Amino acid sequence: MASTATVAAPRAAAAPHAETGLWSWITTVDHKRIGVMYGVTAFLYFLVGGIEAGLVRVQLFVPNNDFLSAESYNQLFSMHALTMIFLALMPLTAAFFNFLVPLQIGARDVAFPRLNALSFWVYFFGGLFLNVSWFLKAAPNSGWFAYAPLTIKTFSPGLNMDFYVLGLQVVGFSSIIASLNFIITIINMRAPGMRLMRMPIFTWLTLITSVLMVTALAVFTIAVTELMFDRLFGTNFFNTVSAGADPLLWQHLFWMFGHPEVYILILPIMGMVSEVLPTFSRKPLFGYNVMVFSGILIGWLGWGVWSHHMFATGMGPIADSFFALSTMLIAIPTGIKIFNWLGTMWGGNLRFTTAMLFSIAFIAMFTVGGISGVMHSAAPADLQQTDTYFVVAHIHYVFFGGTVLGLWSGLYYWYPKVFGRMLDEKMGKVHFWLTLIGMNMTFFPMHFLGMYGMPRRTFTYADNLGFTALNQLETVGMVVIVLATLIFAINLFTAWKRGEVAGNNPWGAATLEWSIPSPPPVYNFREIPVVHSRMPLWEGDPALSGGIPHGKVDETTERITLGGTKVGEVRDVTDENKMSAHDLGIHLPPPSYWPIVLAAGISVFFGSMIFRQVTGPAHNLWYLSFAGLVTIVFAVYAFAFEPGHSH
Amino acid sequence: MDHAHAMAGHAADPAHIDTSTGLDSRKMAFWTFIGSECLLFGSLIATYMAYKGSSLTGPYPHDTLVNGKLEHGILNIPLTSFSTFILLMSSVMMVLALNAVQKGDKSGSVLWLLMTALFGSVFLGCQVFEFTHFYHEGLTLQTNLFGSTFFVLTGFHGAHVTVGVIYLLTLAYLAHKGKVGPEKTLNVEIAGLYWHFVDVIWIVIFPLVYLIK
């Protein structure tokens, strides 16, 4: 390992000898670069989804507003949901999976590096495809759940829902192959000694999430395929009008996916928080085993609760009771997690960094969202609350108070590992407080509005209903969130340019990713570590120097100062970073451009089905579909037979 | 070096496996993929079952009394029993192909891979015949709930068989070129997993769609 030095590593350390330039990024199969690409793209979509939400809130600022038409309002709230769920939050968690999982388990790469690149590019093109709909004034307009039969051609004649069925098939395909890759990586690529019960909790929850994704998205794929067949080829799956189809089929298929989906969005976040809290409490995670098993239980029960979204459809008392009970049961493993996080902090030596603050806020806000979730699980109460703003409040406390706060916590925590530089803590704390105040101003009044009877998904309201003041408060809260996010974006950018150099382990954390330089060299580990414990850097593993012994501060090493206290150590990693994989005799998979070609072929094929409707029968663009198909077949063969991938 | 190779996720040959579980990653990935496929087919089958017998208009799959008048069912059970038998036999061919590859029997590998593909093609031929026949009888995707669910479910399965036939033909060509020796057993084994899976799914579809009234 590199020698310890008192000086900070120069900027060179932040750009480890990897090739540069656009082409190297397009053809990269390095999981860390793919992680960064996921992160940057998804953050941009987070801003897009935020703009959509902002417009919705401007429309609702005063009663009887005509800032937006009802149609644009429908498109905006639908695309806000689709963008946030499929293009921002899921890919942001995927960014963390990509960057961190191989580092946490001591692997050089994921199991299938090119498949990993493929899943990114399919997501990339799928996201563009969905957003092209704006330029045709035909963005999806039926909410993210696209309830059929309202979405069949009879009732939604435009292209709007065609974009939905085609775009989400593409995005869903990306998630399925990505999760397949992570399941195999975690099961099969662990460093020697890294038993399942020694894996970092984030890796564990990534595994559970991936299993949920690989199964739930398959159901969703069939649901949207059936809707696509209805819309494009005239089948009758959801045709209740002339064929007698069951109006509940779509809802069952959709929620069979849709409910596990919310666990897909929250489980990785629980993993992140479970890494951040022990580090800044200087205590091991309380009840590691229970955390793992409650995670598995949440994943398992997540499959048995889908019909609690359908209490109002009249399924009957037996079905309603079953789904009410199974939903209440999920609160138990979730509650266990919350107690364990509190137990982790209890009696700890707490350090309130921005990452820690976001994690603590996550516990509080996610609890609020969880409790309103349990309120919905009682069928009689749900009949009152459903389709009101109360549901909107609940989902935003889960997704914003849960997923987003946890993601930001993770970003502050791992940003130094990714870019080799620290985010500014002062800006971070301003970001944190503004976000916390803004989100509560925006989403908390929604509980009251829902109870007063304000329906969700309506583009305006009358002025004598008593909704005005709370709506205005929410819109002001939205402005606060925008302000906070701007500060965050500036922080992300300036830290990348000239942040304080981080060193290997600025937080004094316990897991493997902190034993290597920041940013990690392309080959990750110079030698594959042998793992002897769950917290290799805290339990004094001699092979993994650079850690700080648990519970005491080592005065012999130089430390980074953070808010006046020295918290981490600086190592000179320049020498190690200058060595290429080749010099070390490490074999890495070669770059490949077939993933992007294949992803482009898939998008052309799916896109052609939209554009042949735009151009009309005169040019039915069959050749565009054909070109897409040929590209797919050709790229699949080229991908499979590409030399050099199996040395 | 060897250790590093395995860790980077591309173990040289199947004989040399160095993963956490000792199992090859590609095979494990394929099993996971099959798990996902089960949910895909499961959703389609569930849709079929949910709509079984609820078509408002004919043609109907089985003999049905409509307003006191007997309408003859459209499904040709003898033909499909034959094609089902053929598809099941193709799985035997697949096993023989894998056996030949393991033993390094080049001509046997080519022969049995081609035979598997041939049996698969006969199954597909029966399906094409069936689909065109139904079309002339007035059953299309658009006709009724039975048409929509039947064509999409069996068509989705047929598409999987088609991909499998292309997959097998590619392997047979490679075997002919001498590129599928015993060291490539895993490639054939994975193709076999895929092929057997497609057969197993048909074993579920056949009774549900054709035999149960």
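Computed from a predicted structure; not experimentally measured. Numbers restart at 1 for each chain; the letters A, B, ... are given by sequence-line order, proteins then strands.
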Interchain contact, B:Ser54 with chain A, by part (heavy-atom threshold 4.5 Å) = backbone
task = Would you sort out whether A:Thr206 and A:Thr209 count as a side-chain hydrogen bond (donor to acceptor under 3.5 Å, both in side chains), showing the intermediate values?
result = CA-CA 5 Å; A:Thr206 301; A:Thr209 309; 5.9 Å; no
query = Heavy-atom distance under 4.5 Å to chain B: side chain of A:Tyr637, backbone, both or neither?
reply = side chain
ask   = At a heavy-atom separation under 4.5 Å, does A:Phe229 approach chain B through its side chain, its backbone, both, or neither?
value = side chain
query = Taking atom types as modelled and ignoring hydrogens, do the side chains of B:Thr64 and B:Glu71 form a donor-acceptor contact shorter than 3.5 angstrom?
reply = no
note = Okay, A:Glu527 and chain B: the region with an atom under 4.5 Å from a heavy atom over there is neither
request  = Check whether the ring centres of A:Trp250 and A:Phe237 lie less than 6.0 Å apart, and answer yes or no.
outcome  = no
request  = Select one option (side chain, backbone, both, neither) describing which atoms of B:Phe156 are under 4.5 Å from chain A's heavy atoms.
outcome  = side chain
note = Answer key: most heavy-atom pairs under 4.5 Å with chain A among B:Thr32, B:Thr47, B:Thr140 is B:Thr47
request  = Please determine, by modelled atom types, if A:Glu226 and A:Thr235 share a side-chain donor-acceptor pair under 3.5 angstrom.
outcome  = no
note = With chain B, the option among A:Leu253, A:Thr221, A:Ile183, A:Asp246 that has the most non-hydrogen atom pairs under 4.5 Å is A:Asp246
task = Go through the atoms of A:Ser242 and report whether side chain, backbone, both or neither lie under 4.5 Å from a heavy atom of chain B.
result = backbone
query = In terms of side-chain heavy atoms, does B:Trp195 have a donor or acceptor partner in B:Ser90 at a distance below 3.5 Å?
reply = yes
A:Phe525 six-ring centre to A:Arg108 NZ/CZ under 6.0 Å and within 45° of normal = no
ask   = Is it the side chain or the backbone of B:Phe33 that comes within 4.5 Å of chain A heavy atoms, both, or neither?
value = both
task = Could you pull out the closest heavy-atom pair between B:Thr57 and B:Asn144, with the gap in Å?
result = O-ND2, 2.7 Å
key: Region of B:Ile166 that comes under 4.5 Å of a non-hydrogen atom in chain A   = both
inquiry  = For a quick test of reading the model, state the closest non-hydrogen atom pair linking A:Leu217 to A:Ser175 and the distance between them.
reply    = CD1-CB, 3.3 Å
ask   = Given that the side chain runs from C-beta out, which part of A:Ile176 has a heavy atom under 4.5 Å from chain B: side chain, backbone, both or neither?
value = side chain
